[in-house]
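For reference, the structure discussed in these notes is given below.
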Amino acid sequence: MTLTHPLHRTIFGNPANEGNLMTLADAENLLHDWVKNEKLLFHMQQVGHLMKAFALAKGFDSYTQQLWHLSGLLHDADWDQWPDDHCRKIIEELEARNQDPRMIKAIASHGPRYFGVDPDSEMDKMLYAFDELSGFVHAYSLMRPQGYEGMEIKGVKKRLKDKSFAAQVSREDIADASQRAGIEVEELIQLVIDHQLRG
């Protein structure tokens with residue numbers, strides 16, 4: 001396997017910064033400066049929302065919910081302007097801002113086939129799991145007259161089998177992320193249908 005954006009390291013951030021987290025306003029300001037593509041911005045908002053919803057459902061405290069939310073919100077922040085440096089640029093920015101290393105690690109591991117970093121924690125694995133699937137389910141919603149209303153798992157799975165539909169979405173990544181997270185693809189699809197931020 002040839003990595004497309006190898007990070008060449010496995011340690012991210014400083015453990016001493018655990019507990020340091022920017023505000024949502026700070027994150028939104030960063031995105032305003034870095035991301036001009038509205039579709040990409042909405043994708044990151046959707047993934048951030050899914051991450052926060054999952055953390056809330058798990059009963060995590062407010063800091064951990066924010067940690068999960070920002071990990072999803074910022075995971076593709078550098079893709080618009082610096083695609084060749086994805087996700088090195090956002091990692092270096094968050095390290096320079098002394099952010100919680102758990103967020104930085106989650107972002108670094110959201111595409112193990114591309115960056116060469118395995119998702120280890122539950123947060124890492126769920127960011128990886130939600131990333132591609134969120135985009136896929138949203139693409140499916142755009143082709144349905146009712147959008148998300150009445151959407152069912154079987155409809156999403158049917159489209160997953162159609163390799164020509166949303167061809168840029170990696171079915172391999174979806175299956176791999178499901179296995180790593182220990183959650184069936186069907187359950188992940190239902191989570192996305194239930195909690196996806198809708199445009």
Side-chain angles (χ1 to χ4, degrees), residues 1 3-35 40-41 43-134 173 176-183 188 191 195:
M1 179 181 70
L3 301 173
T4 57
H5 295 73
L7 293 171
H8 302 298
R9 58 182 172 126
T10 56
I11 305 298
F12 301 92
N14 185 338
N17 291 327
E18 191 166 306
N20 292 348
L21 206 57
M22 66 174 68
T23 64
L24 182 57
D26 286 337
E28 289 172 341
N29 285 336
L30 189 156
L31 292 176
H32 181 267
D33 290 341
W34 284 25
V35 184
L40 176 62
L41 181 60
H43 164 69
M44 289 187 287
Q45 290 169 339
Q46 287 183 311
V47 175
H49 187 76
L50 286 169
M51 291 289 284
K52 184 176 182 180
F54 189 85
L56 177 63
K58 295 282 284 190
F60 295 152
D61 61 42
S62 59
Y63 178 87
T64 306
Q65 290 176 39
Q66 180 85 334
L67 180 68
W68 281 59
H69 186 192
L70 293 182
S71 297
L73 187 62
L74 296 172
H75 77 282
D76 279 343
D78 52 13
W79 177 253
D80 191 21
Q81 294 193 56
W82 304 279
D84 292 339
D85 286 326
H86 179 55
C87 56
R88 185 177 294 108
K89 182 83 173 176
I90 184 60
I91 287 170
E92 290 174 353
E93 178 70 20
L94 295 174
E95 287 178 331
R97 294 185 184 214
N98 299 318
Q99 293 297 291
D100 194 312
R102 293 172 294 180
M103 173 170 64
I104 303 171
K105 169 59 168 55
I107 291 172
S109 61
H110 82 266
R113 287 200 304 135
Y114 312 99
F115 312 124
V117 181
D118 286 326
D120 297 312
S121 71
E122 184 176 30
M123 184 170 71
D124 297 351
K125 293 172 183 176
M126 292 312 299
L127 178 55
Y128 180 33
F130 281 139
D131 185 22
E132 291 286 287
L133 199 52
S134 170
D173 282 353
D176 182 50
S178 167
Q179 184 176 27
R180 290 179 190 246
I183 301 176
L188 288 171
L191 283 168
H195 299 291

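Since we're looking at a predicted model, the values are computed, not measured.
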- Please indicate whether Q179 has more than 12 foreign heavy atoms, meaning atoms of other residues, nucleotides or ligands, lying under 6.0 Å from its CD. no

- Item | L73 vs L24, side chain to side chain contact (heavy atoms under 4.5 Å, CB included): CA-CA, chis, key distance, verdict | CA-CA 9 Å; L73 187 62; L24 182 57; 3.7 Å; yes

- Residue pair M51, M126: steps toward the side chain to side chain contact (heavy atoms under 4.5 Å, CB included) verdict: CA-CA 7 Å; M51 291 289 284; M126 292 312 299; 4.2 Å; yes

- Item | Side-chain (N17) to main-chain (D100) donor-acceptor, under 3.5 angstrom | no

- Heavy-atom side-chain contact between R102 and E18 under 4.5 Å: yes

- Give the minimum heavy-atom separation between S71 and I107, together with the two atoms involved. O-CG1, 3.7 Å

- Task: Examine distances only and state if a side-chain atom of R9 and a backbone atom of V117 form a donor-acceptor pair shorter than 3.5 Å.
- Result: no

- Task: Of all the heavy-atom pairs spanning N20 and Y63, show the shortest one and how long it is.
- Result: N-OH, 3.4 Å

- Query: Could you state the interatomic distance from CG (D173) to OH (Y114), rounded to the nearest 0.5 Å?
  - Reply: 4.0 Å

- Task: Keeping to residues at least two apart or across chains, list the salt bridge (Lys or Arg N to Asp or Glu O under 4.0 Å) pairs with something in residues 43-71.
- Result: K58-E122

- Within a strict 4.5 Å, meaning less than it, do heavy atoms of the L74 and M44 side chains meet? no

- Close side-chain approach of I90 and W34, heavy atoms under 4.5 Å: yes

- Message: Please find the pair of heavy atoms, one from K105 and one from P119, that lie closest to each other, and give the distance.
- Response: NZ-CA, 4.1 Å

- Message: Around atom CD1 of I11, are there more than 12 heavy atoms from other residues, nucleotides or ligands closer than 6.0 Å?
- Response: no

- Message: Applying side chain to side chain donor-acceptor pair (under 3.5 Å) to H43 and D131, what does each step give before you reach the verdict?
- Response: CA-CA 8 Å; H43 164 69; D131 185 22; 2.8 Å; yes

- Message: For M22, is there any backbone N or O sitting under 3.5 Å from a side-chain donor or acceptor partner on Q99?
- Response: yes

- Quick one: are L41 and D80 in side-chain contact, heavy atoms under 4.5 Å? no

- First locate atom CG of N98, then atom CG of L21, and finally report the distance between them rounded to the nearest 0.5 Å. 12.5 Å

- Which of parallel (below 30°), tilted (30 to 60°) and perpendicular (above 60°) describes W68 and F54? parallel

- Point-to-point distance, once rounded to the nearest 0.5 Å, from CZ of F115 to NE2 of H86: 3.5 Å

- Task: For side chain to side chain contact (heavy atoms under 4.5 Å, CB included), just list the numbers for N14 and E95, CA-CA rounded to whole Å, side-chain angles, deciding distance to a tenth of an Å, and then say yes or no.
- Result: CA-CA 8 Å; N14 185 338; E95 287 178 331; over 6 Å; no

- Query: Looking at CG of L40 and CD of Q81, how far apart are the two atoms once the value is rounded to the nearest 0.5 Å?
  - Reply: 10.5 Å

- Query: Any side-chain heavy atom of C87 sitting closer than 4.5 Å to one from D78?
  - Reply: yes

- Non-hydrogen side-chain atoms of L127 and M123 separated by less than 4.5 Å: no

- Any side-chain heavy-atom pair of L67 and F60 under 4.5 Å: no

- Starting at NE2 of H75, measure out to OH of Y128 and round the result to the nearest 0.5 Å. 12.5 Å

- Message: I want to check something: taking the side chain as every heavy atom from C-beta on, are K125 and I183 in contact at a cut-off of under 4.5 Å?
- Response: no

- Under 4.0 Å between a Lys/Arg side-chain N and an Asp/Glu carboxylate O for D118 and R180? yes

- Item | Pair E93 + R97: basic N to acidic O under 4.0 Å | yes

- Item | Residues R113 and E132 bridged, charged N to O under 4.0 Å | no

- In Å, rounded to the nearest 0.5 Å, how long is the span from CD1 of I91 to CG of L94? 8.0 Å

